[in-house]
Structures are given as structure tokens and as C-alpha cells.
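Below you'll find the structure, written out as C-alpha cells, and then a few comments.
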Amino acid sequence: APTDASQRVQVVNKQIDGSRATVTLSITTFRADSPVSPSEYTYQTNVPLVLEDGRWKLDQEFYPG
């Protein structure tokens, strides 16, 4: 049976230091495997950003695990 999963991503914290920044994301995954017991799982991850040409970009060293 196919699983019905969706995600919600929220920014919970930002730390900016010159041309570098770290954004903390809260990612909640909702799974509706059965209408009786839907489950929800939340975790947080830090994403390093670097300022290039006036735009924030993902740091090249960041590989989401």
C-alpha cells in the first residue's frame, strides 16, 4: 500500500555572522499509514549558509544526512 506522507518545514532560529549564517530548521513529517493512527515525526537540523553576490546560498560543505 502506498504511504501518504507530507512535510512541514519551519525556520526556528537564525544566526548571522557577517557573510556566514546558520539557519535551524524544524522538519515535521506526517504519515497517514492508516486513518486510525496517523503518526508525526519532528527533527531539527542546522543549515550553514554563505553570502555570495548578495544572496544566501547553501554552504558547499553541507550535505543533509
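- In this model, no donor atom of one side chain and acceptor atom of the other lie less than 3.5 Å apart for Gln44 and Ser26.
- Across Thr28 and Thr42, no two heavy atoms sit closer than the pair OG1-OG1, 3.0 Å.
- For the pair Val47/Thr22, no side-chain contact is recorded, criterion being any heavy-atom separation below 4.5 Å from C-beta on.
- Residues Val50 and Leu58 are members of separate hydrophobic clusters, defined by side-chain heavy-atom contacts under 4.5 angstrom among Ile, Leu, Val, Met, Phe, Trp and Tyr.
- When all heavy atoms of Ala21 and Trp56 are compared, the closest pair comes out as CB-CZ3, 3.6 Å.
- Residue Arg8 holds its CZ atom at 13.0 Å from CG of Leu25, rounded to the nearest 0.5 Å.
- In terms of hydrophobic clustering, with Ile, Leu, Val, Met, Phe, Trp and Tyr side chains grouped at heavy-atom distances under 4.5 Å, Val9 and Leu49 are assigned to a common cluster.
- By the rule that hydrophobic residues join a cluster once side-chain heavy atoms approach within less than 4.5 Å of another member, Val11 and Leu51 end up as members of one cluster.
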